[in-house]
Amino acid sequence: MTTIKLHNTKTRKKSEFTPIDAKNVRMYVCGPTVYDRAHLGNARPVVVFDTLYRLLRHVYGADHVTYVRNFTDVDDKINATAVARKEAGAEGTLEELVHARSNETIDWYLKDMGALGAMQPDHMPRATEYIAPMVDMISDLISKGHAYAAEGHVLFAVDSWKEYYGRLSGRSVDDMIAGARVEVAPYKKNPMDFVLWKPSGDDLPGWDSPWGRGRPGWHIECSAMSYELLGDTFDIHGGGNDLMFPHHENEIAQSCCANGDDSFARYWLHNEMLQVEGKKMSKSLGNFFTVRDLLEQGYPGEVIRLVFLQTHYRKPMDWTDKKAKEAEATLRKWRALTDGVEPSAAPASSVLDAIADDLNTAGAVAELHKLARAGDAAGLLASGQLMGLLTNERGEWAETPKVDLSEYEDKLAKARETAMESKDFSEVDRLKTAYIDAGLEVRMSKAGVELVPGKGFDPTKLEALG
């Protein structure tokens with residue numbers, strides 16, 4: 001069996017992955033808060049953990065892996081949209097409008113992530129479906145002395161877990177207080193105590209509880225959902241490194257206290273953040289865009305995925321237009337090479353070994369290039385599909401009209417030959433401009449001229465050249 005090695009944030013080292021039960025490998029990944037379209041940064045953990053999911057299924061068998069990714073559908077921004085719609089005259093109760101907004105954004109999310117080749121997890125729980133387990137867990141924490149009620153709120157008492165709190169992020173409670181922006185409230189016993197339950201007014205969605213009508217805090221949601229679907233201890237917990245503190249730190253504290261020991265997730269994986277053209281993505285810089293924005297601009301989902309996979313998940317990833325164009329050209333070559341070919345029975349060992357080495361997808365992509373250069377179409381296809389590439393259902397974008405371009409290549413080659421003698425390159429420039437405008441990539445070298453159909457290739461524009 002393939003040996004998988006993963007970098008465990010909790011131990012700060014890479015070690016061999018040994019599941020609790022090889023017949024029941026379990027993974028939980030924090031999903032989105034569904035108030036709007038997913039931006040490009042939201043997509044990185046989806047691709048990272050989809051790749052891990054594919055690897056686990058390949059190694060342990062599809063029936064022996066359970067992947068859970070949640071939807072947070074309790075949120076102020078969702079509520080604000082629902083309130084605005086109600087004020088604008090939309091029919092239905094506020095709760096119905098909140099649910100409708102969540103349905104809308106979840107549908108967007110699944111379609112956009114599906115376009116990137118991400119498989120849907122085995123379970124996709126919504127926070128609103130697990131309110132009762134959250135209330136039960138909060139009640140249990142209070143009874144064990146790890147939480148307390150105050151002014152309609154219930155808060156986790158960090159001091160009750162002070163000896164262990166901060167192990168994941170490597171910071172002490174005192175360091176966290178000094179460096180974190182914590183909510184100051186008179187009912188808190190410790191500034192770091194965090195909300196498990198908070199009151200809701202009549203004008204906001206809420207649920208009945210022993211502490212009054214209210215709604216859960218963010219952190220308790222994942223603890224309750226993972227417990228219900230995966231048990232008190234499971235194999236892998238993942239997410240972006242921006243969730244390490246406070247979200248994952250708080251998850252560990254409340255889950256371990258509820259379990260009565262320090263068990264919870266055994267391996268913690270965190271992906272690094274995303275940049276755009278070397279800068280942090282932000283609306284103020286004008287480089288903020290959603291996955292749907294890119295798809296509508298003509299970037300195929302498979303291209304976006306390959307750009308992601310070319311960087312190791314624990315390194316910052318820089319999205320650039322140059323990388324996207326190079327990835328598209330690469331995928332077109334690979335799809336042309338594998339057209340009509342049946343995949344080999346198993347992916348190439350070099351590709352599998354790279355992915356199994358802490359998801360070294362950059363190394364795996366390098367191995368795919370080697371397979372392509374060697375002409376191993378069957379091995380390339382099987383190996384690419386292990387990584388969510390070159391799948392049949394994602395190939396429509398690469399289909400181009402079958403046009404014999406030799407006539408146009410000869411025309412440009414002759415024009416260049418004439419220009420080399422006359423030093424007048426106007427005709428060469430005219431043809432190159434026309435070919436590029438038709439959607440062709442123009443490659444000129446000592447060996448000759450090559451025209452490669454690219455995105456939006458329109459052969460009718462060539463006919464107009466005569």
Side-chain angles (χ1 to χ4, degrees), residues 28 30 33 68 70 72-76 79 125-169 171-174 176-177 180-202 204-234 237 243-265:
Y28 185 95
C30 291
T33 301
V68 178
N70 73 293
T72 295
D73 57 348
V74 181
D75 181 76
D76 290 340
N79 294 343
R126 298 185 184 201
T128 53
E129 297 171 343
Y130 288 80
I131 299 297
M134 293 177 205
V135 170
D136 290 342
M137 183 172 281
I138 294 170
S139 298
D140 184 51
L141 289 170
I142 292 175
S143 68
K144 292 176 178 176
H146 294 295
Y148 58 93
E151 299 184 22
H153 295 73
V154 179
L155 297 109
F156 181 86
V158 169
D159 285 337
S160 72
W161 187 249
K162 191 170 184 178
E163 181 182 353
Y164 302 97
Y165 193 77
R167 283 187 174 183
L168 184 69
S169 57
R171 294 184 284 181
S172 69
V173 173
D174 291 336
M176 291 180 193
I177 293 174
R181 289 178 291 180
V182 298
E183 181 185 356
V184 178
Y187 47 78
K188 284 188 175 185
K189 295 180 180 179
N190 182 315
M192 291 301 298
D193 291 350
F194 56 88
V195 172
L196 301 175
W197 189 265
K198 55 187 175 183
S200 286
D202 293 337
L204 291 173
W207 294 264
D208 292 332
S209 80
W211 319 285
R213 185 174 181 277
R215 51 200 171 109
W218 175 33
H219 312 300
I220 196 67
E221 297 174 11
C222 287
S223 286
M225 287 185 282
S226 64
Y227 176 81
E228 291 294 314
L229 293 169
L230 299 177
D232 55 7
T233 305
F234 53 94
H237 195 311
L243 299 179
M244 192 185 306
F245 177 81
H247 184 52
H248 290 165
E249 201 75 75
N250 292 351
E251 269 192 80
I252 291 172
Q254 62 203 10
S255 292
C256 289
C257 288
N259 297 341
D261 55 34
D262 62 354
S263 63
F264 186 36

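Any value given below was found using the heavy atoms of this structure, including those in side chains, with hydrogens, waters and symmetry copies removed.
Judged by distance alone, the side chain of D193 and the main-chain N or O of N190 form a donor-acceptor pair under 3.5 Å.
Under the 30°/60° scheme for interplanar angles, the aromatic rings of H153 and Y187 are found to lie parallel. The aromatic rings of Y28 and F234 sit tilted relative to each other, their planes meeting at an angle between 30° and 60°.
Atoms OG and CH2, on S209 and W197 in that order, are 4.5 Å from each other to the nearest 0.5 Å. Note that CD1 of I131 is 4.5 Å distant from CH2 of W207, once rounded to the nearest 0.5 Å. For the atom pair CG (D76) and CG (L204), the distance works out to 7.5 Å, reported to the nearest 0.5 Å. Within the model, atoms CE of M137 and CE of M134 stand 9.5 Å from one another, a figure rounded to the nearest 0.5 Å.
Contact detail for H219 and F194: the closest heavy-atom pair is CD2-CD1, 3.8 Å. Between S169 and M244, the closest heavy-atom pair is CA-SD, 3.9 Å. What you find for W211 and S139 is that their closest heavy atoms are CZ2-OG, 3.5 Å. Residues D73 and T128 share a closest heavy-atom pair of OD2-OG1, 2.6 Å. Between D140 and A258, the shortest heavy-atom contact is OD2-O, 3.5 Å. The shortest heavy-atom contact between P216 and V74 is CD-CG1, 4.4 Å.
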Can N79 and R215 be said to form a side-chain contact (heavy atoms from CB on, under 4.5 Å), step by step? CA-CA 12 Å; N79 294 343; R215 51 200 171 109; 3.8 Å; yes
For side-chain contact (heavy atoms from CB on, under 4.5 Å), just list the numbers for L196 and L155, CA-CA rounded to whole Å, side-chain angles, deciding distance to a tenth of an Å, and then say yes or no. CA-CA 5 Å; L196 301 175; L155 297 109; 6.0 Å; no
Begin from the C-alpha positions of Y165 and N250 and carry the test side-chain hydrogen bond (donor to acceptor under 3.5 Å, both in side chains) through to its verdict. CA-CA 8 Å; Y165 193 77; N250 292 351; 2.3 Å; yes
Determine whether F156 and Y148 satisfy the following criterion, ring pair (Phe, Tyr, Trp, His ring centres under 6.0 Å), listing intermediate values before the conclusion. CA-CA 7 Å; F156 181 86; Y148 58 93; 9.3 Å; no
Throw together a table of side-chain donor-acceptor distances under 3.5 angstrom for residues 221-231, partners on residues two or more places apart or in other chains.
| from | atom 1 | to | atom 2 | distance (Å) |
| --- | --- | --- | --- | --- |
| E221 | OE1 | T72 | OG1 | 3.4 |
| S223 | OG | E251 | O | 3.4 |
| S223 | OG | Q254 | NE2 | 2.9 |
| S223 | OG | S255 | OG | 2.7 |
| S226 | OG | C222 | O | 2.9 |
| S226 | OG | S223 | O | 3.2 |

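For the residue pair D75 / T33, no side-chain donor-acceptor distance below 3.5 Å is found, with atom types taken as modelled. A donor and an acceptor atom, one from each side chain of R213 and S200, are nowhere located under 3.5 Å apart. A donor-acceptor contact closer than 3.5 angstrom is absent between the side chains of D232 and N259.
For K144, the NZ atom is densely surrounded, since the number of other residues' heavy atoms within 6.0 Å is greater than 12.
Side-chain contact between C256 and D261: absent, with no pair of heavy atoms (C-beta onward) separated by less than 4.5 Å.
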